[in-house]
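These numbers come from a predicted model, not from an experiment. Convention: sequence-line order gives letters A, B, ...; per-chain numbering from 1.
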Amino acid sequence: MTETFADLGLGEGILRAVADAGYTKPTPIQQKAIPYVLMGRDILGCAQTGTGKTASFTLPMIDILAQGRARARMPRTVILEPTRELAAQVAENFDTYGKYNKLTMALLIGGVSFNEQEKLLDRGVDVLIATPGRLLDHCERGKVMLTDTKVLVIDEADRMLDMGFIPDVERIVGLMPVIRQTLMFSATMPPEIKKLADKFLMNPKEMAVDPPSSTADTVEQAFVSVSSRSKRKTLRDLIDREGDALKNALIFCNRKREVADLFTSLQKAGYPVGALHGDMDQYKRMEWLEKFRNGDVTILICSDVAARGLDISTVSHVFNVDVPNNSEDYVHRIGRTGRAGRLGKSITLVTKEDDKLWAAVKKMVGKDIPEIKMDGSAPSSEDPAETEERSPRRPSRSRSSRGADKSSKSAPSKKAADTEETVQQSPDRDVSESETPNKEASNKPDRSRGKKEPRKPRRGRGEHHDIGELDEMTVPFGQSDQLPAFLRR
DNA sequence: AAAAAAT
């Protein structure tokens with residue numbers, strides 16, 4: 001049984017880099033895979049992110065690449081990833097572990113300019129890390145030749161399949177020499193993946209490791225019944241009531257549009273949020289991800305682009321604003337938290353319309369997921385006594401929770417206590433909650449806005465001078481709690 | 001009906 005990285009046969013520079021990074025013991029997938037990769041064997045590995053999978057191929061590849069040099073436009077190794085973020089992540093891995101081995105690398109992903117990528121290719125690269133579309137594009141332009149590829153890695157194969165990339169992958173493999181080493185990794189091994197393995201691999205060594213202990217033990221799961229109108233409010237209440245326990249959170253939505261809208265909404269309400277979805281420009285994508293990683297923002301609202309593979313080691317919470325359409329994605333989403341032995345919490349908002357999807361999720365999870373009742377006030381309408389009391393209550397609630405939101409700029413917490421007791425309101429509160437998009441919001445009676453305006457010195461950036469912006473910022477979400485001024489009449 | 005990825 002191997003105990004250390006040195007036992008695996010890795011070179012000295014790599015061992016030093018690994019030690020610098022603070023790792024002492026290889027993970028199971030690394031123990032299994034690295035010796036075979038060094039032997040030149042093909043590998044079919046069943047492993048998820050979080051198992052140390054990436055290093056199980058980057059480390060031995062650095063070792064292999066230590067011998068020889070790359071020729072112009074002819075990379076020696078190629079790594080295919082399904083998303084740009086994953087590709088960038090693997091590139092960072094090479095930076096980290098390859099720091100004592102000079103090797104050249106190019107990251108070929110879409111959404112960024114060709115120029116720089118081409119320059120790198122011209123100089124010759126040892127490692128090419130790419131998403132399929134952009135790599136093919138470069139091939140067609142004659143900027144890269146795959147005829148000298150010694151090692152190919154197909155990462156996240158099942159996801160490539162889901163995303164319809166396999167034809168692209170087949171074309172890419174067709175441009176490579178038949179004699180090469182191929183490593184294929186997949187989180188799951190459905191028959192289609194097996195078939196692909198037969199096609200791409202030669203006499204592969206098969207290995208599997210357990211998924212990182214997540215769903216079962218270290219993630220506390222719960223759900224809240226909501227109406228689709230009250231989702232945002234409920235979400236804010238949930239964030240607030242987590243208090244300091246919420247170190248950072250991923251919030252998943254099913255649609256890109258909803259990611260964008262929710263981002264605007266929470267940002268206006270003063271929460272430290274970022275956003276990530278596939279229609280954003282690449283620069284923004286990277287910027288928000290980086291800000292989330294380094295803690296500049298503690299909440300990242302995202303589509304399923306971030307559901308799999310992204311390695312953010314310390315996410316304390318995952319919120320599903322929508323039940324994922326594909327119940328497997330649920331597992332991937334909540335797998336973003338509770339990693340590396342840490343505790344995590346995931347809360348899913350479930351509407352009546354989600355019944356079927358939610359049933360599928362529960363079936364897949366295979367255990368009971370408890371319901372959170374929001375502060376005694378029933379999700380639907382079990383407390384008629386409260387119904388008439390909305391307006392009188394409003395003011396007190398506004399002070400406590402809205403006021404607290406200001407301070408939430410830096411930490412979405414603190415106010416947990418007073419929010420708890422003031423939150424209870426009529427079940428139909430979402431009427432005034434007004435989750436309407438901004439344009440509609442601005443159609444609301446001016447009166448309500450005029451009243452509130454002076455009380456809102458919070459975002460402090462002079463927006464108050466601009467009427468156009470005021471429309472956007474005053475009414476929609478941040479303040480909606482104070483709306484009843486005109487409703488009261 | 002959705003997300004991802006090439007323009």
Is the closest side-chain heavy-atom distance between A:L238 and A:M374 below 4.5 Å? yes

If you check the A:E140 side chain, which of B:dA1, B:dA3, B:dA6 turns out closest? B:dA6

Can you confirm whether the side chains of A:S346 and A:E220 place a donor and an acceptor under 3.5 Å from each other? no

Calculate the interatomic distance between A:D155 atom CG and B:dA4 atom C1'; express it in whole Å. 15 Å

With ring pair (Phe, Tyr, Trp, His ring centres under 6.0 Å) as the test, would you mind laying out the steps for A:F185 and A:F57 before giving the verdict? CA-CA 10 Å; A:F185 293 91; A:F57 60 83; 5.4 Å; yes

State plainly whether the residues A:D155 and A:K53 are in salt-bridge range, i.e. N to O under 4.0 Å. yes

Regarding A:N93 and A:T54, do their side chains bring together a donor and an acceptor under 3.5 Å, going by distance alone? no

Can you tell me the distance, in whole Å, between the CD atom of A:E81 and the C1' atom of B:dA4? 13 Å

I need the CE-P distance between A:M280 and B:dA5, as an integer number of Å. 12 Å

Counting the atoms with a prime plus P, OP1 and OP2 as sugar-phosphate, which does A:D304 contact under 4.0 Å by heavy atoms, base, sugar-phosphate, or nothing? nothing

Whole-Å gap separating C1' (B:dA3) and CG (A:N326): 11 Å

Considering only side-chain heavy atoms of A:D137, which listed nucleotide, B:dT7, B:dA3, B:dA2, is closest? B:dT7

Phosphate OP1/OP2 of B:dA5: any A:R84 side-chain N/O under 4.0 Å: yes

Given B:dA2, is OP1 or OP2 found less than 4.0 Å from the side-chain N or O atoms of A:S303? no

Whole-Å distance, A:H332 NE2 to B:dA3 P, equals 17 Å

Nearest whole angstrom, please: distance from the P of B:dT7 to the CG of A:N115. 13 Å

Separation of B:dT7 atom P from A:L135 atom CG, nearest Å, is 13 Å

Distance test, side-chain N/O of A:R285 to OP1/OP2 of B:dA5, below 4.0 Å: yes

What is the distance, rounded to the nearest whole Å, between atom CZ of A:R134 and atom P of B:dA4? 17 Å

Does a side-chain N or O of A:T131 approach OP1 or OP2 of B:dA4 to a distance below 4.0 Å, or not? no

